[in-house]
Structure formats: structure tokens, C-alpha cells
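Computed from a predicted structure; not experimentally measured. Every chain is numbered from 1, with letters handed out A, B, ... down the list of sequences.
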Amino acid sequence: MEWVYIEDIARHAGKEVEIKGWVWRRRASGRIAFLHLRDGTGFMQAVIEKTNDNEELFERVRKLDIESSVVARGTVREDPRAPGGYELVLNDLVVVQEPVEPFPIRKKDHGIDFLMDHRHLWIRSKRQFHILRVRHEVIRAIREFYNERGFVLVDTPIFTGSVGESAGNTFELDYFDYGKVYLAQTGQLYLEAACMALGKVYNLGPTFRAEKSKTRRHLIEFWMNEAEVAYYEHEDNIRLQEELVSFVVSKILERASTHLLEIGRDLKKLEKIEPPFPRITYDEAIDFLKKKGFGIDWGDDMGGDEETAISLEFEKPVIIERYPRMAKAFYMQPDPDRPEVVLCNDMIAPEGYGEIIGASQRIHDYDLLVERIREFNLPLENYDWYLDLRKYGTVPHSGFGLGVERTVSWICGLDHVREAIPFPRMLYRLKP
RNA sequence: UCCACCGUAGCUCAAUGGUAGAGCGCCCGGCUGUUAACCGGGUGGUUGGGGGUUCGAGUCCCUCCGGUGGAGCCA
């Protein structure tokens with residue numbers, strides 16, 4: 001008998017097949033019983049009506065506990081009463097294992113603490129199934145975007161000898177007798193080196209921030225996609241970001257809209273996402289926030305509430321550009337017309353989802369970069385190889401980092417990034 | 001690190017300082033198409049730990065532990 005996956009079931013209507021999976025739900029009356037099965041690719045129901053010939057099977061089915069692993073055999077039947085339109089008319093069932101005790105996550109309300117403690121089991125639930133499938137499609141679309149445009153994947157290291165941009169907030173560990181090394185907060189400096197070798201480069205991997213942040217937008221370990229392009233300037237950079245985000249959203253709508261609908265996402269909001277995105281300068285943002293009554297002055301960085309207030313003004317992601325240079329990282333290129341601001345931008349997702357991209361044109365002039373490193377009181381010796389890049393054929397270049405979980409969270413309409421990654425690492429939460 | 005809130009049955013939550021309860025789950029029975037099935041019966045407690053106030057504490061106070069949300073910082 002042919003083993004088929006639930007996602008392919010429609011192609012097997014009328015045929016006798018085998019499904020290998022788990023019992024998701026069970027309902028039974030005196031004469032008819034339903035088993036809702038899942039197999040990792042989807043959910044479907046199996047049905048059995050009691051007859052003179054199948055009493056033994058019927059009794060086994062109506063007593064099966066949820067999360068029993070089973071191999072179910074039967075005929076695929078199209079039926080409008082079945083969720084999904086197809087069901088399996090059972091004629092045989094092999095139990096691989098029955099749970100040794102009742103599965104803890106049942107059809108009822110659970111608090112987040114309980115669910116997080118049971119994350120290894122929680123991911124079997126329907127909502128998590130759909131979210132993790134969307135995450136998979138988001139990452140697939142990101143890779144596709146770059147690959148179609150001739151970018152080269154450059155995997156940047158997790159262990160780094162020198163600190164990235166800021167000295168605090170890094171995880172420090174012992175590296176044999178070499179001394180201290182740090183877990184990467186960003187691969188940017190390496191991508192800057194790589195773009196001088198390969199032109200257009202990107203990475204996609206985990207990054208680590210030792211920040212004691214406890215908010216719906218923060219993870220300690222999160223996945224970031226970064227891109228860096230030689231000869232790209234500020235405007236080229238923004239255009240690339242708009243195209244990336246629009247591409248990802250359109251691919252999700254194309255391939256994963258059923259998942260989004262299952263978790264209650266309003267697709268109309270995503271269908272509006274196409275370039276160009278609205279743009280405001282930092283100056284305009286500050287004026288707007290002051291009018292809204294925020295106690296913020298020119299030179300201050302924006303917090304989550306400020307970003308949310310701005311994002312709610314637009315239906316698409318909004319680009320905020322040209323921040324004061326002292327509020328941003330040392331390596332950002334000054335605006336030639338206004339040296340007090342830098343050629344950078346953030347991209348703020350709609351509906352209050354916050355910053356999903358941080359971007360800038362990088363300083364390519366050796367002397368200016370040295371001056372900035374000194375101005376920010378950073379140890380010059382840590383940046384020896386980074387400065388080298390400015391000694392040999394330096395060119396303008398630009399890049400950005402996209403937060404994968406925040407993007408997934410926005411696309412899915414989640415209320416916390418912890419559901420956008422299979423096993424979130426959060427403050428004081430490392431299990432499972 | 002700081003601020004706020006929370007911790008009671010397996011889970012989600014009630015309980016004016018005065019006999020610890022409900023719904024769901026689970027177990028048993030019933031039900032011929034269920035969609036969070038339904039109906040009947042049963043099961044269920046060191047009220048997070050310690051100390052204190054009080055005739056009496058789930059409730060008030062102190063302290064510790066754990067959790068959630070937020071701030072700062074960022075993707």
C-alpha cells in the first residue's frame with residue numbers, strides 16, 4: 001500500500017493509501033468515530049463507521065488517546081463534511097506507540113509559561129505548525145531573492161575575536177588559552193570584507209545579544225539576514241531593502257497564504273506591500289513625534305513607542321532615514337550635505353511590529369573611519385583588519401540587517417517573537 | 001538592573017480576614033457525520049517556599065523563589 005503525505009491527499013482520491021502520523025483529535029459516538037490525524041505536512045480526518053466486520057478496530061479507534069503514533073490505512077474519499085474536503089475511510093490501523101501518560105497540551109486554554117515549558121510538545125499544535133511553516137517559507141524566499149540576483153552567500157563566523165559595533169551586550173567565552181572570544185552580534189564587518197571580494201554578498205544565521213530585554217520584540221538568540229554590496233550608496237541600499245521585503249511578502253502570499261489564513265492573518269494588509277515604501281527623515285520623525293506629545297528632542301534615539309506611533313501612520317513599512325551620527329554606530333557614512341547626520345535608515349514594519357531592518361552606507365575613507373573610532377572611544381587595535389579594507393582599493397559600499405523573527409512575527413501577525421522561532425532563547429529561559 | 005502585575009486541582013481561573021469552588025481535562029457510561037462535538041455520572045488541593053500579624057490568613061505585612069508585561073538597548 002502506498003504511503004502518502006496529507007499535503008498530497010487530494011491527488012489520491014478514491015485510492016487506498018497509508019498515512020503515517022499521529023492522532024491529533026478523536027471524537028466518537030456509538031456507531032461512528034473520527035480520528036483527526038496529523039503527519040507533519042498537514043491535518044486530515046479519518047472516519048470509521050461500526051459494522052459487523054470491524055467491531056474490534058472500531059473499539060480500538062474510539063479509545064485511542066491523542067498523540068498516539070499510528071499508521072492508518074484506508075480509502076481517500078472526497079466529502080464536503082470533512083475539514084479540508086477529504087477524509088480517510090479507515091479499514092486498518094496500526095498503533096506504533098500509545099503515550100505512556102496523557103499528552104499535557106490538550107484542547108483547552110494554556111498560559112504562556114506552561115506552553116513555553118512544553119515548547120518541545122507545543123510545536124505539534126496546529127497554530128505552531130502553521131507559523132513554523134511560514135518561517136520556513138520566509139527563509140526560503142530570502143535565499144531565493146539573493147540567489148536570483150547574483151548575490152553570493154558568505155557565511156560569517158559565530159566566534160569573533162574583536163567585538164562588532166558595541167562593546168557591551170556581547171556574550172563572552174573562553175577560547176582555549178587564547179583568551180576571550182565573543183559570540184557574533186552581527187556579521188557585517190565580515191560582509192564588508194567579502195563584498196570587496198565578491199561584489200554582492202549576503203548571510204543568514206544566528207546572532208547573539210546579551211541584552212536583558214524582556215519584550216515582545218526581543219530574543220537573546222535571533223536569526224539575521226545581512227546583505228552588503230560594493231559600490232552601493234544610500235539610495236541603492238534602500239531600493240534593495242524595499243525589493244527584498246516586497247519579494248518575501250509576495251512569495252509568502254503565493255505559497256503560504258493558507259497557513260496565514262489558518263492563524264487568522266488578514267491578507268489584505270500584506271497585499272499592499274510593494275515598492276516604493278513611504279520615507280521620512282529623522283528630522284521629520286522628531287517633528288511628528290513632538291506634535292503627538294512625545295517628550296523627545298533632536299539627537300535622541302527612538303524607542304519602541306515612538307516607532308509604533310510612526311508605523312501606525314502608514315500601511316506599508318516605513319523608512320526612517322538620516323539619523324544624527326552620535327545616535328548611531330561609528331562606521332556610518334556622513335551625509336555630504338549635512339555632516340551631523342549619517343546615510344542610514346531603519347525600516348519599521350506596519351501595525352506596530354517595530355524595526356525589522358537597520359541599514360547604512362559605510363564609511364570607506366580610511367582617515368575618517370579612524371577619526372570616528374577614536375571619537376566613539378573604541379580600541380583602534382580591534383579594528384586593524386577592518387581598517388585594512390580602506391587601504392586597498394576602497395569603494396563606497398552599503399548594507400543592512402533584517403531580523404528574521406520580527407519579519408515572521410509581522411507577516412503572521414503574532415503578538416510575540418517567541419512563536420516565530422522553533423526554540424526561542426530568552427532571558428532565563430533555555431529549556432527546552 | 002529598574003518599574004508594574006501575577007503565583008489556588010493536570011490546565012485556565014473564582015473565593016468581603018470566617019466550611020477552598022467552577023469550567024475544561026482525565027476515568028466510566030450513552031449517543032449513526034463529528035468540527036473546541038454533545039448528554040449523564042465519577043476523579044481531583046502541602047493555595048510557590050519561609051517567617052510574621054490575628055481568635056482565625058488563599059486573602060494583610062516581610063522575605064526568598066518562579067513567571068508575565070514593559071523600560072533602557074537593539075533586528
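Looking at A:Y202 and A:N147, their side chains do bring a donor and an acceptor atom within 3.5 Å of each other. Of the N and O atoms on the side chains of A:E192 and A:Y331, not one donor lies less than 3.5 Å from an acceptor on the other residue. No hydrogens or angles considered: nothing links the side chains of A:Y323 and A:D301 as a donor-acceptor pair under 3.5 Å. Using a 3.5 Å distance cut-off with no hydrogens or angles, the side chains of A:H259 and A:E137 do not pair a donor with an acceptor.
Rounded to whole Å, the C1' atom of B:rG56 lies 22 Å from the corresponding atom of B:rG49. Separation of the P atoms belonging to B:rC62 and B:rU53 is 15 Å when rounded to the nearest angstrom. The same atom, C1', is picked in B:rA71 and in B:rA36; the two are 38 Å apart, to the nearest Å. Here, B:rG58 and B:rG70 have their C1' atoms 28 Å apart, quoted to the whole Å. Comparing the same atom, C1', in B:rG17 and in B:rG69 gives a spacing of 31 Å after rounding to whole Å.
Here the nucleotide nearest the side chain of A:R418, chosen from B:rA75, B:rG67, B:rG69, is B:rG69. Distances were taken from every side-chain heavy atom of A:E87 (C-beta onward) to each of B:rG33, B:rG69, B:rA71; the shortest belongs to B:rG33. With B:rC31, B:rG72, B:rG70 as the choices, the nucleotide that has an atom nearest any side-chain atom of A:R216 turns out to be B:rG70.
Applying the Watson-Crick and G-U wobble criteria (two distances, each under 3.5 Å), B:rG72 pairs with nothing in any strand.
Note on A:E148 versus A:K251: no salt bridge recorded, every NZ/NE/NH1/NH2 to OD/OE distance being 4.0 Å or above.
For the pair A:R26 and B:rG25, the criterion of a side-chain N or O lying under 4.0 Å from OP1 or OP2 is not met. Between A:K214 and B:rU68 there is a side-chain N or O to OP1 or OP2 distance below 4.0 Å.
Between A:I112 and A:D301, the residue anchored nearer the 5' end of RNA chain B, judged by the nucleotide with its closest heavy atom, is A:I112. In terms of position on RNA chain B, the residue among A:V47 and A:F114 whose nearest nucleotide sits closer to the 5' end is A:F114.
Atom P of nucleotide B:rG66 and atom NZ of A:K431 are separated by 14 Å, given to the nearest angstrom. B:rC11 atom P lies 13 Å from atom CZ of A:R106, rounded to whole Å. Rounded to whole Å, the distance from CD on A:E98 to P on B:rC27 is 11 Å. A straight line from NE2 of A:H110 to C1' of B:rG25 spans 9 Å, rounded to a whole angstrom.
Both thresholds, 5.5 Å between centres and 30° between ring planes, are met by A:H218 relative to the base of B:rC74, so the two rings are stacked. Here A:F34 does not count as stacked on B:rG33, because the ring centres are not under 5.5 angstrom apart with planes under 30°.
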